[in-house]
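All residue numbers refer to positions in the sequence shown, counting from 1. What's counted below: heavy atoms across the whole structure, side chains too, no hydrogens, waters or symmetry copies.
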Amino acid sequence: MKVRDIQTVGVIGSGAMGSQIAMVCALSGYEVVLNDIEESNLVKAEDSFQGHMNRRIQKGKLTEEEVNYAFGRLSFTSNLQDVKGADIVIEAVVEKLDVKRNLFARLEEITKEGTILATNSSTIVSSKIADATNHPENVCNIHFFNPPLVMELVEVVKGPHTSDETARAANEFIKTLNKVPVLLKKEISGFIANRILGKLLDEAVFLLENDYATHEEIDLVVKKALGHPLGPFELMDLTGIDVTYFVRSQRYQESGNEADKPSSLIQEKVEKGELGRKVGKGFYQYS
Ligand SMILES: NC(=O)c1ccc[n+]([C@@H]2O[C@H](COP(=O)([O-])OP(=O)(O)OC[C@H]3O[C@@H](n4cnc5c(N)ncnc54)[C@H](O)[C@@H]3O)[C@@H](O)[C@H]2O)c1
């Protein structure tokens, strides 16, 4: 697949990431098919698209015509077969390896020969998924950051199975979205940003668990002293504490290293359902 041949994008999973990835692609002129197993999540994605676009129109960042044009290019479906015409598919479903592997095997059956199959996973390298397909050369990681409408940088990761052509097309495709790609030539779990971020979150959780300071104080130091826009606890609330938990569990499964195990504080939050902004409570309370 060459980037000039990409016209239709399939996005699987209409949650926090998939819904906005679909919006970004539609705003850049692609036909987009957004799929989710939950009808209610597709309705939420459609509402959120309207909300985001209305705010951009009010701020003068987009015209009504641009938004209508993008909206006309976006379709919402709970039938996976509807992505059959896609030239590239970006998977953004739950961070569970078996779910992703099953999905990729089905996507390969449904889509045409040569379609690029990319995972937006925060941490799982595509070689763990690619061997569920017969054409691993078409599989790679394309990792958007949250929120995709705002964040400019995207990590593209070439696995040992990924062809040069697929890696090049994925990298060029990101440029057509007005984003900045960084192409990792070799795969490593967590890629660049999440590996570095992981160390920061570990230290923040260690300081909180051992009562050195409150989560508000730790966030304050990271923002005011290190110049980060969000503190680590604000960031976990935004990302979803369950996502942090899955990422750590995944890394622990891969490495078997006790130091990679999710902390008991994070595990407790997940068990209590205090997952962050999306449920109104995480480390902070949201109205
Ligand atoms: N949240 C973040 O900050 C962030 C950032 C970068 C990457 N990611 C990665 O993106 C992916 C999605 O994360 P999210 O935060 O958007 O999750 P989310 O929980 O908000 O959304 C996941 C969506 O996938 C749907 N889904 C589950 N199984 C499906 C299937 N088999 N077919 C179709 N739809 C299915 C769910 O119904 C849900 O709507 C994960 O792999 C995550 O690691 C997340």
Could you go through the side chain to side chain contact (heavy atoms under 4.5 Å, CB included) check for Leu149 and Leu27 one step at a time? CA-CA 10 Å; Leu149 271 171; Leu27 285 167; 4.0 Å; yes

Should Phe104 and Val89 be marked as a side chain to side chain contact (heavy atoms under 4.5 Å, CB included) after you check the CA-CA gap, both sets of side-chain angles, and the distance that decides it? CA-CA 10 Å; Phe104 271 64; Val89 177; over 6 Å; no

In sequence, state the C-alpha distance, the side-chain angles, and the governing distance for Val125 and Val157, and then conclude on side chain to side chain contact (heavy atoms under 4.5 Å, CB included). CA-CA 8 Å; Val125 289; Val157 188; 5.7 Å; no

Is there a side chain to side chain contact (heavy atoms under 4.5 Å, CB included) between Lys112 and Lys84? Walk through the geometry before answering. CA-CA 7 Å; Lys112 54 198 181 196; Lys84 66 175 183 290; over 6 Å; no

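Looking at heavy atoms from C-beta onward, Ser126 lies in side-chain contact with Glu187 at the 4.5 angstrom threshold. Contact check for Arg56 versus Val67: no side-chain heavy atoms found under the 4.5 Å cut-off. You'll find the side chain of Lys100 reaches within 4.5 Å of the side chain of Val93, heavy atoms only. With a 4.5 Å cut-off on side-chain heavy atoms, Asp98 and Arg101 do not count as touching. Residues Ile88 and Met1 have side chains not in contact (no heavy-atom distance under 4.5 Å, counting atoms from C-beta outward). Between Asp82 and Ser75, the closest side-chain pair of non-hydrogen atoms is not below 4.5 Å. Inter-residue side-chain proximity for Phe246 and Lys96 is flagged as met; some heavy-atom pair is nearer than 4.5 Å. Between Leu103 and Ile129, every side-chain heavy-atom pair lies at or beyond the 4.5 Å cut-off.
The main-chain N or O of Tyr212 is never found under 3.5 Å from a side-chain atom of Asn210 such that the two would form a donor-acceptor pair. Counting only distance, with no hydrogens or angles, the side chain of Thr8 and the backbone of Glu31 share no donor-acceptor pair below 3.5 Å. Judged by distance alone, the side chain of Asp87 and the main-chain N or O of Gln7 form a donor-acceptor pair under 3.5 Å. Judged by distance alone, with hydrogens and angles left aside, the side-chain atoms of Lys158 form no donor-acceptor pair with the main-chain N or O of Cys140 at under 3.5 Å. Between the Glu108 side chain and the His135 main chain, a donor and an acceptor come within less than 3.5 Å of each other. Although no hydrogens or angles enter the test, the distance criterion places a donor-acceptor pair under 3.5 Å between the side chain of Asn194 and the main chain of Ser122. Of the possible polar contacts, one joining the Asn54 side chain to the Gln50 backbone as a donor-acceptor pair under 3.5 Å is found.
The distance from the CE atom of Met17 to the OG1 atom of Thr239 is 9.0 Å, given to the nearest 0.5 Å. Summarising the geometry, atom CZ belonging to Phe145 is positioned 9.5 Å from atom CG belonging to Asn120; distances are rounded to the nearest 0.5 Å. With values rounded to the nearest 0.5 angstrom, Thr162 atom OG1 is found 7.5 Å from Asn141 atom CG. Put simply, CG on Asn146 and CG on Leu235 are 8.5 Å apart, with the number rounded to the nearest 0.5 Å. Put simply, CG on Asp260 and OG on Ser189 are 8.5 Å apart, with the number rounded to the nearest 0.5 Å. The CG atom of Leu42 sits 10.0 Å away from atom CD1 of Ile37, with the distance rounded to the nearest 0.5 Å.
Residues Phe173 and Met23 share a hydrophobic cluster, clusters being chains of Ile/Leu/Val/Met/Phe/Trp/Tyr side chains in contact below 4.5 Å. Ile124 and Leu107 fall within a single hydrophobic cluster, where Ile, Leu, Val, Met, Phe, Trp and Tyr are joined by side-chain heavy atoms under 4.5 Å apart, directly or via other members. Hydrophobic clustering, with ILVMFWY side chains joined whenever heavy atoms are under 4.5 angstrom apart, groups Ile12 together with Val99. By the criterion of side-chain heavy atoms lying less than 4.5 angstrom apart, applied directly or through intervening Ile, Leu, Val, Met, Phe, Trp or Tyr residues, Phe144 is not grouped with Leu197; the two fall into different hydrophobic clusters. Placement of Tyr284 and Ile241 within a single hydrophobic cluster is found when ILVMFWY residues are connected by side-chain heavy-atom separations under 4.5 Å, directly or transitively.
Relative to the ring axis of Phe283, Lys269 places its NZ or CZ within 45° and under 6.0 Å from the centre.
Of all the heavy atoms in Pro148 and Val24, the pair that sits closest is O-CG2, 3.6 Å. Between Leu177 and Cys25 the shortest heavy-atom distance is CD2-CA, 3.9 Å. Of all the heavy atoms in Asp36 and Ser14, the pair that sits closest is OD2-N, 2.6 Å. The minimum heavy-atom distance between Met236 and Thr244, with the atom names listed, is CG-OG1, 3.7 Å. Among all heavy-atom pairs drawn from Ala204 and Ile218, the shortest one is O-CD1, 3.7 Å. When every heavy atom of Ser19 is checked against every heavy atom of Ala45, the shortest pair comes out as CB-CB, 3.7 Å.
When each of Val11, Val32, Val33 is paired with Val83, the side-chain contact (heavy atoms from CB on, under 4.5 Å) condition holds for Val33 and for no other.
For Phe49 and Phe76, the ring centers sit 6.0 Å or farther from each other.
The closest side-chain donor-acceptor pair between Arg248 and Tyr252, if any, does not fall under 3.5 angstrom. A donor atom on one side chain and an acceptor atom on the other are found under 3.5 Å apart for Glu95 and Ser121. Side-chain atoms of Gln267 and Glu271 form a donor-acceptor pair, as typed in the model, at a separation below 3.5 Å.
Sorted by first then second residue, the salt bridge (charged side-chain N to carboxylate O under 4.0 Å, His left out) pairs that include residues 214-243, not counting sequence neighbours, are Lys223-Glu234, Asp242-Lys278.
With sequence neighbours excluded, the residues forming a ring-ring contact (aromatic ring centres under 6.0 Å, His included) with Phe191 are His143, listed by chain and number.
With salt bridges taken as basic N to acidic carboxylate O contacts below 4.0 Å, none links Lys179 and Glu152. Between Lys175 and Glu172 a salt bridge is recorded (basic side-chain N to carboxylate O distance below 4.0 Å).
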